[in-house]
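First the structure, in the form of structure tokens, and then the observations on it.
Note that the structure is a prediction, hence the values are computed from the model and not measured. Below, read A as the first sequence line, B as the second, and so on, with proteins coming before strands; counting in each chain starts at 1.
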Number of protein chains: 2
Amino acid sequence: MTTIADVARHAGVSVATVSHVMNHTRHVEPETAERVRAAISALRYSPNSVARSLRRGETKTIGLLLPDNSNPFFASVARQIEDAGFVSGYTVILCNSDGNAEKEERYLSVLMAKQIDGLIFAGSSDHARVFARMLPSVPAVLLDREIQSVNVDSVLVDHDHGGYLAGKYLVGLGHRKIGVIGGPRDSSSSPARLRGFVRALAEAGIDLPPSSIVDSDYHFAGGRLAMEQLMAQAPDITAVFACNDLMAMGAITALRSRGSRVPDDMSMVGFDDIPYAVTTWPPLTTIAQPVEKIGTLAVSLLLERLGEPEAPSRREVLAPVLVERESCAALR
Amino acid sequence: MTTIADVARHAGVSVATVSHVMNHTRHVEPETAERVRAAISALRYSPNSVARSLRRGETKTIGLLLPDNSNPFFASVARQIEDAGFVSGYTVILCNSDGNAEKEERYLSVLMAKQIDGLIFAGSSDHARVFARMLPSVPAVLLDREIQSVNVDSVLVDHDHGGYLAGKYLVGLGHRKIGVIGGPRDSSSSPARLRGFVRALAEAGIDLPPSSIVDSDYHFAGGRLAMEQLMAQAPDITAVFACNDLMAMGAITALRSRGSRVPDDMSMVGFDDIPYAVTTWPPLTTIAQPVEKIGTLAVSLLLERLGEPEAPSRREVLAPVLVERESCAALR
DNA sequence: GTGCGACATCGGCAATCGTCGTCATGGCCC
DNA sequence: GGGCCATGACGACGATTGCCGATGTCGCAC
């Protein structure tokens with residue numbers, strides 16, 4: 001590996017000068033600078049970021065800790081973050097915790113050891129505890145989570161409002177008997193979505209009996225099973241709100257194999273608007289999370305905090321929006 | 001930040017001793033070691049990896065450069081790699097190139113500067129040129145690409161064989177008039193898939209006229225368009241081989257909106273076996289790429305090369321396999 | 001039993017990795 | 001001689017590691 005000293009020797013100057021022409025950090029005689037640049041390209045020199053980081057006390061690296069990058073929602077978020085980070089000169093370390101608190105701690109330890117400049121964290125339900133232990137020695141942005149703490153900003157999605165939109169929409173279509181497929185109770189998102197949904201129904205004077213709600217796990221197969229259970233428990237429903245798209249897709253599959261047609265016999269609303277919501281049949285009407293916004297906003301919050309570490313912590317809440325496609329019909 | 005010197009002072013020993021107890025790199029009196037460990041935990045000390053990397057000349061970091069981590073195929077591969085790397089103590093830097101050669105070069109530069117220990121690279125069609133410029137100063141593993149070079153191993157998928165499996169299967173079902181939706185001509189995978197497919201048909205004495213082949217772009221919308229074109233050009237086909245799942249899903253949508261039923265009126269075979277192949281209707285019969293294998297194999301090849309940098313370069317080729325679901329039917 | 005050298009054990013000093021910022025220096029002009 | 005300019009020398013940054021010194025142990029010879 002060629003070092004700055006090699007370049008200096010080759011150009012007949014001191015290492016300080018080489019450093020300064022690279023970083024434009026003090027005036028260097030144009031002619032000398034040119035000689036240095038020539039040496040740099042002749043030797044194909046590229047500064048060693050590790051040494052630079054040690055010296056400068058910053059690594060231009062951000063840690064991204066999320067449950068699973070192969071989940072399409074997080075995949076999109078990760079993509080946005082990576083893109084936004086790169087244009088600002090940051091590089092992303094990817095970590096998958098599976099929502100497991102212990103793994104999260106392990107990852108946090110290595111990220112801290114690697115001296116990341118900032119962290120973007122979509123943690124488990126236990127994230128507060130995990131985080132507290134590591135006492136926020138890094139600037140961090142939480143995705144869809146909150147913690148009362150300094151140095152920690154949040155990007156939140158208004159799940160309650162999303163659920164409300166879904167409820168309002170189905171009610172507007174004339175549905176009165178509506179089922180719900182819920183996500184995990186211990187997630188922060190699912191109960192909020194449900195709450196908003198119930199509120200919209202309540203405003204229209206519609207009750208949601210316990211038998212019309214089946215909890216599941218945010219997965220495709222879980223959605224299929226839940227739908228079957230729902231058909232057994234509440235055979236008269238005409239519409240279903242699934243708390244995410246994957247379960248909605250599973251539910252549609254269950255309906256289809258029962259000979260029930262979507263949207264003719266049953267309307268279906270999902271949540272998330274994953275890319276595959278358009279590739280299923282019928283294309284899924286769903287509540288879209290503002291994925292691109294989440295990623296880019298997280299990065300810009302983080303960068304702003306890096307610039308001003310002592311600023312009061314911020315929480316940005318993003319509004320989901322209804323995307324009308326073809327999985328819902330008016331009650332005839 | 002607390003440093004090794006703080007720990008040493010706190011434990012009343014030298015920094016060398018602290019280092020040695022941490023790394024078990026020479027014998028230390030148990031009692032002393034205990035004191036050191038106590039100091040470490042009292043001060044919540046964690047060694048600075050940047051300094052360690054500078055000294056040791058290794059960063060325990062691997063670069064992962066791929067076109068797009070939100071593509072479900074790469075998402076899975078990335079997940080596998082991250083997992084496998086982490087258990088061996090490696091951390092993954094994620095880079096998305098969009099298959100753009102210029103971006104690839106930029107990423108490679110920063111990865112090299114960051115002194116990654118190894119690289120896993122799913123590059124553009126131009127990857128050879130890109131790579132040559134960076135002259136392989138890092139051990140690397142190529143995914144689904146090949147380069148004649150030292151220090152570069154490859155994990156390959158036998159696309160030809162996959163196409164062959166698809167052809168054999170459709171022929172076995174009695175189909176004779178078959179259409180193909182191809183991927184980008186300049187990809188390495190699509191032509192190979194097509195080649196194998198044609199060979200299988202040829203073995204059965206079946207010809208594939210140019211009008212039965214429509215090239216597309218590996219995307220959902222592209223598949224839908226291609227299917228429409230195919231129906232116009234070759235109205236008598238009874239089966240379609242789409243060179244990836246996304247296009248197959250698009251094609252099915254196009255068929256459905258024409259009132260054509262899958263698999264009753266048209267059989268459909270995809271390629272990749274993305275997770276959403278099971279969530280569409282009908283569940284897609286497809287040629288599965290061994291995704292988990294790809295990721296873990298890439299990591300283990302890389303780690304082996306790190307252990308033995310001068311070993312001759314290896315190429316591992318993985319066989320895809322037919323996954324029979326419900327999108328194909330025997331010709332009646 | 002005593003004295004001495006060989007050897008093992010344990011710990012500290014200081015060099016080193018590559019870069020950057022501070023201080024110092026030499027030359028030049030007024 | 002004072003001031004300015006361009007550049008050089010050098011010491012961090014934090015951890016690792018080769019080398020050396022101090023201490024202790026043991027065996028052997030007298």
Side-chain angles (χ1 to χ4, degrees), chain A residues 1-40 43-61 89 109-117 137, chain B residues 1-40 43-61 89 109-117 137:
Chain A
M1 208 67 276
T2 113
T3 79
I4 198 174
D6 299 326
V7 175
R9 207 169 313 125
H10 191 279
V13 299
S14 75
V15 295
T17 301
V18 176
S19 171
H20 285 123
V21 330
M22 285 194 304
N23 302 302
H24 306 102
T25 180
R26 84 177 170 195
H27 182 75
V28 173
E29 200 65 351
E31 189 191 334
T32 314
E34 196 38 59
R35 231 168 49 241
V36 170
R37 273 189 289 272
I40 287 179
L43 270 52
R44 314 182 114 269
Y45 166 73
S46 145
N48 182 325
S49 305
V50 174
R52 171 174 289 177
S53 293
L54 177 60
R55 181 60 234 253
R56 291 199 184 158
E58 66 171 13
T59 52
K60 288 290 178 178
T61 298
S109 303
V110 341
L111 289 175
M112 307 284 307
K114 294 220 172 199
Q115 313 289 119
I116 55 171
D117 293 339
S137 16
Chain B
M1 206 70 274
T2 115
T3 78
I4 197 175
D6 300 326
V7 175
R9 205 170 314 125
H10 191 279
V13 298
S14 76
V15 294
T17 302
V18 177
S19 171
H20 284 122
V21 329
M22 286 193 303
N23 301 301
H24 305 102
T25 180
R26 79 178 173 198
H27 183 78
V28 173
E29 201 64 352
E31 188 191 332
T32 314
E34 196 39 59
R35 232 172 45 245
V36 170
R37 273 188 291 271
I40 287 178
L43 270 50
R44 314 179 117 271
Y45 166 74
S46 146
N48 181 325
S49 305
V50 174
R52 172 176 289 177
S53 293
L54 177 60
R55 181 63 234 245
R56 292 222 248 231
E58 65 171 16
T59 53
K60 288 291 179 181
T61 298
S109 303
V110 338
L111 289 175
M112 306 286 306
K114 294 221 171 197
Q115 313 290 116
I116 55 171
D117 292 341
S137 15

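- Atom CD1 of residue B:Ile40 and atom OG1 of residue B:Thr2 lie 9.0 Å apart, to the nearest 0.5 angstrom.
- Whole-Å rounding puts the B:His24 NE2 to D:dT16 P distance at 13 Å.
- Residue-to-nucleotide proximity on DNA chain D shows that, of B:Arg26 and B:Arg52, the 5′-proximal contact is made by B:Arg52.
- Note: CD1 (A:Ile4) to C1' (D:dC10) measures 14 Å, nearest angstrom.
- Nearest to the side chain of B:Val15, among D:dG8, D:dA15, D:dT16, sits D:dT16.
- Note on B:Val13: only backbone sugar-phosphate atoms sit closer than 4.0 angstrom, heavy atoms only; bases stay farther off.
- One distance of note links CD of B:Gln115 with OG of A:Ser46; it measures 7.5 Å at 0.5 Å rounding.
- B:Thr61 and A:Lys114 make their closest contact through OG1-NZ, 2.8 Å (heavy atoms, listed as atom of the first residue, atom of the second, distance).
- The shortest heavy-atom contact between A:Thr17 and A:Val36 is CG2-CG2, 4.5 Å.
- Computed from coordinates, the B:Arg55 CZ to D:dG18 P distance equals 8 Å when rounded to whole Å.
- Rounded to a whole Å, the CZ atom of A:Arg56 is 15 Å from the C1' atom of D:dA12.
- Separating the CG atom of A:Leu54 from the C1' atom of D:dG11 is a distance of 13 Å, rounded to the nearest angstrom.
- Taking every side-chain heavy atom of A:Asn48 into account, C:dG18 is the closest of D:dG14, C:dG18, C:dC23.
- Among the heavy atoms of the strands lying under 4.0 Å from B:Val28 are primed sugar atoms or P, OP1, OP2 only; no base atom is included.
- The phosphate of D:dA6 (OP1 or OP2) has no side-chain N or O of A:Thr17 nearer than 4.0 angstrom.
- Side-chain nitrogen and oxygen atoms of B:His27 include none within less than 4.0 Å of the OP1 or OP2 phosphate oxygen of C:dT9.
- Between B:Arg35 and B:Gly12, the shortest heavy-atom contact is NH2-O, 3.9 Å.
- Rounded to a whole Å, the CE atom of A:Met22 is 10 Å from the P atom of C:dG21.
- Atom-to-atom, CD of B:Glu29 to C1' of D:dT23 comes out at 12 Å; the value is rounded to the nearest Å.
- Taking for each of A:Asn23 and B:Ala33 the nucleotide of DNA chain C with the nearest heavy atom, the 5'-most of the two is the partner of B:Ala33.
- If you take NE2 of A:His20 and C1' of D:dC10, they are 13 Å apart, rounded to a whole angstrom.
- Taking only side-chain nitrogens and oxygens, B:Ser14 never comes nearer than 4.0 Å to OP1 or OP2 of C:dC13.
- Close to C:dG18, at under 4.0 Å from its OP1 or OP2, lies no side-chain N or O of A:Thr3.
- In this structure, A:Thr32 reaches the sugar-phosphate backbone alone: every heavy-atom distance under 4.0 Å involves primed, P, OP1 or OP2 atoms, never a base.
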